[in-house]
Amino acid sequence: MIALSAGSLVYEVRRMREFRKKHVAKTAEIIRRRVGNWYKADSGGAAVPENYIHSYHSNALPNLALTNPSVRITALDEIADGQVAKWVMSAMKDWIREGHLLRQVQLAISDALDAFGVLVVGTGVTDTNPEGLLSVQVARVSPSRFLVDTDCQTVDTAKILGHEYYRDPEQIMRNERFMADPEAVQKAISGSEEDRNDERPFGERRSEERKVCRLVDLYLRDSRMICTLVGTSDGAEPVFIRKPEPYVGPDLGPYEMFGFFDVPDDPYPLSPIQAVMEEIEEVQAQMSAAANEAATAKTFYLVEAASQDIRKAIADGVNGGVYSVKGLGGNFQKVELGAMSGNRMEYMLARKQSLDEVLAFGQSQRGRMSGGTATGDKIVQDYLDARMQWMRSRVNTAMVNVLRRVGWYLYNEESYVRDLTMIDDQGQMQGGTYMGGQEPGQPDWTDFHLEIDVESMGLNDDLASQQRWLQIINLAPVVMQQMAM
C-alpha cells in the first residue's frame, strides 16, 4: 500500500510525470499537425497538400459523439424497485439535458483520437446555481496533466491516479475544502508560479504578471483516500493543501480513461492516429514531393526562326511560351520539362489506399457517398463497419462507467434535489420532486443496471439502420418458433 505521507506521494507524482511525458511528448506534434499552419501566427511548419489527421477527426467525431447518449436504468428486482429505477432514470436524463455532458465527452474523444482522453466526475456548488444545490460535474482532464500509477498494467488496476491543475490564489482562498490548513494555503499563495507546461501543443499561455498555484489531486484506490498537494515558495517539498481524507464516491473512483486500443502491460492506450502516424507522414511526404514536381512543370515550344507565321499562331495561344531558334530541324517542337513521374503517382496511390484501409477511411467517408461498387471502396467500407463498431463499443463502455458514477451521486447524495417529470406505466405525465439519498429499505446503487444504446451517440446511416431492422424482422419468426418449442 502506498504511504500517505507528503514525501512518498511527491515521489510517486514525479515518477508519474516522467511516465506521462514518454507517452504524450509526440502528441503535441500530432495536434500541431492537425490544426495546420493557419491556426496561429507562430505555429508555422512545412505545408502539406492534405491534412489527413483533421480529415480523420472530422469524420470520426460525428460517428462517435454527435448527440447525448440514450440511457436506460432498470432495477435487478423490477417488481420491488422498478419505480425507483424510473425516477433515477428521469433524474439522469434531466441532468444530461442540463448540458453538462456532451461537450466534455466530445473533448475526451477528440483527445482519444490523438492519444487518450480522461473525464473526472465529482460534485460541487456552481456559481450558476443560485439555490446552492449540489451539482454533479463531469470535466475533461488534459492528457498533459493526467497522472497514472507507473507500476500498473492497466488503468483499472492503478493504485494511484490523479491530475494536475492550476488555480489563482483568490480561488484557493474561496475554496472551503482547502481552508482546513490555513498555513498550507498561505504557502501555496506565496509560492504561486507561472503556468509552464512543455507538454502542451502551444506551450505556456499566461502572462508573466499572472501568478497561479500548481495543485495535484490524488486518488489512492486501495485505501480509498483522496488528497491535494501544492508547491511552496521556499524550495521545500510540496505540502498537503488538503490532507488525505476518505473518498466519498462511487467504487469506480473519480477518473475514466477513454482509449481505443490497449497496449499489453501499459496503462496508456494507443490511438488510431498514433498507430499509423508513420504511414501518414510517408503519404504526405510523397504528396508534397508530387506537388513540388507539378509546380516545376513547364511546357513551351521551339519554333524555326524563319517560320514567323507558325510562331505567331503558337504565340497567340494560351498556356505556354514561344521562343525562336535557328537551326531547328522542323517548323516547331514542343518541350515539356518537370512534372510528376508515373512511378511516383502509382506508389503514392498505393500507399494512400493502404493507409485508407488501415484507418478505415476512404473516399466514401470523405464525401459521404454511397452505392460504390469498386473493390477498393468495398474493402474500406467493410473495415469501416468493423472498426467504427469497435470504437463505438469502447466509447460505450467508457460512457457507461461515467454515467454510473454520475448515477451514484444522483442516487446517494441527499443534497441533490430537482423538480422532475416522468412518464408512468399508463403513459401519463407525472411530476414530483426528486430527492437524492438512499432511503431505508431501498436497494444499493449496485442493484441497478445502466445501459446505453451503442448507436445513440453517433451519426446513424439510414441504409445501415434499415438493414438492421430488416435483420431483426427476419429473425423474429425464428426466435418465436424457438420460444414455442
Side-chain angles (χ1 to χ4, degrees), residues 2-25 27-28 31 104 107 111 115-120 122 124 137 139-150 158 160-220 225-245 247 253-255 257 268:
I2 298 174
L4 298 180
S5 66
S8 297
L9 294 177
V10 168
Y11 170 75
E12 294 292 340
V13 168
R14 287 174 176 167
R15 293 183 63 206
M16 290 189 290
R17 282 175 180 165
E18 292 301 317
F19 189 43
R20 177 189 66 201
K21 286 182 180 180
K22 294 178 180 179
H23 288 83
V24 303
T27 303
I31 296 173
Q104 301 302 315
L107 290 171
D111 288 336
F116 61 92
V118 179
L119 291 180
V120 59
Q137 301 163 1
R140 173 235 184 199
V141 175
S142 170
S144 64
R145 293 178 176 173
F146 188 53
L147 299 168
V148 182
D149 183 8
T150 59
I160 180 170
L161 295 169
H163 74 287
E164 301 173 283
Y165 58 102
Y166 296 83
R167 291 291 182 268
D168 293 329
E170 295 78 10
Q171 291 178 294
I172 293 179
M173 292 296 293
R174 293 197 303 265
N175 195 321
E176 294 183 358
R177 69 176 185 173
F178 296 147
M179 294 310 295
D181 193 344
E183 182 179 353
V185 171
Q186 290 303 318
K187 285 185 177 181
I189 293 172
S190 62
S192 58
E193 57 181 324
E194 297 173 17
D195 181 9
R196 300 182 185 275
N197 191 332
D198 56 4
E199 300 169 52
R200 290 160 61 174
F202 302 106
E204 71 176 80
R205 288 198 299 244
R206 298 185 189 273
S207 64
E208 294 184 0
E209 291 78 13
R210 182 175 178 182
K211 302 297 183 180
V212 294
C213 302
R214 183 199 293 251
L215 284 73
V216 182
D217 277 357
L218 296 175
Y219 166 68
L220 294 94
M225 303 290 281
I226 193 166
C227 64
T228 303
L229 292 167
V230 66
T232 61
S233 62
D234 53 12
E237 295 288 350
V239 298
F240 287 122
I241 195 173
R242 178 177 53 161
K243 295 180 179 179
E245 61 185 36
Y247 169 70
Y255 299 102
M257 179 181 281
Y268 287 99

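All heavy atoms count here, side chains included; hydrogens, waters and symmetry mates do not.
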* List the steps, then state whether side chain to side chain contact (heavy atoms under 4.5 Å, CB included) holds for Val141 with Leu119. => CA-CA 6 Å; Val141 175; Leu119 291 180; over 6 Å; no
Practice task
Mind running side chain to side chain contact (heavy atoms under 4.5 Å, CB included) on Leu229 and Phe240 for me, showing each step along the way?
Solution key: CA-CA 5 Å; Leu229 292 167; Phe240 287 122; 3.6 Å; yes
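- Of the possible polar contacts, one joining the Gln104 side chain to the Arg140 backbone as a donor-acceptor pair under 3.5 Å is found.
- Applying the side chain to side chain contact (heavy atoms under 4.5 Å, CB included) test to Ile2 and every residue at least two apart in sequence or in another chain returns Leu9, Glu12, Lys159, Ile160, Leu220.
- Between Asp111 and Gly117, the closest heavy-atom pair is CB-CA, 3.8 Å.
- Contact record, Asp217 with Arg242: OD1-NH2, 3.7 Å, taken as the closest heavy-atom pair.
- Residues Arg145 and Tyr166 meet the side-chain proximity criterion, which asks for heavy atoms closer than 4.5 Å.
- Every ring pair (Phe, Tyr, Trp, His ring centres under 6.0 Å) that Tyr165 has, sequence neighbours left out, goes to His163.
- Distance alone, capped at 3.5 Å, is enough to place a donor-acceptor pair between the Arg20 side chain and the Ser144 backbone.
- Between Val148 and Ala158, the shortest heavy-atom contact is CG1-CB, 4.4 Å.
- When the salt bridge (charged side-chain N to carboxylate O under 4.0 Å, His left out) test is applied to Asp149, no partner is found at least two apart in sequence or on another chain.
- Under the ring pair (Phe, Tyr, Trp, His ring centres under 6.0 Å) criterion, Tyr247 pairs with Tyr219, not counting sequence neighbours.
- Leu147 is not listed as a side-chain neighbour of Phe19, based on a closest heavy-atom distance of 4.5 Å or more.
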Just do the side chain to side chain contact (heavy atoms under 4.5 Å, CB included) check on Arg167 and Ile241 with the steps written out, would you? CA-CA 12 Å; Arg167 291 291 182 268; Ile241 195 173; over 6 Å; no
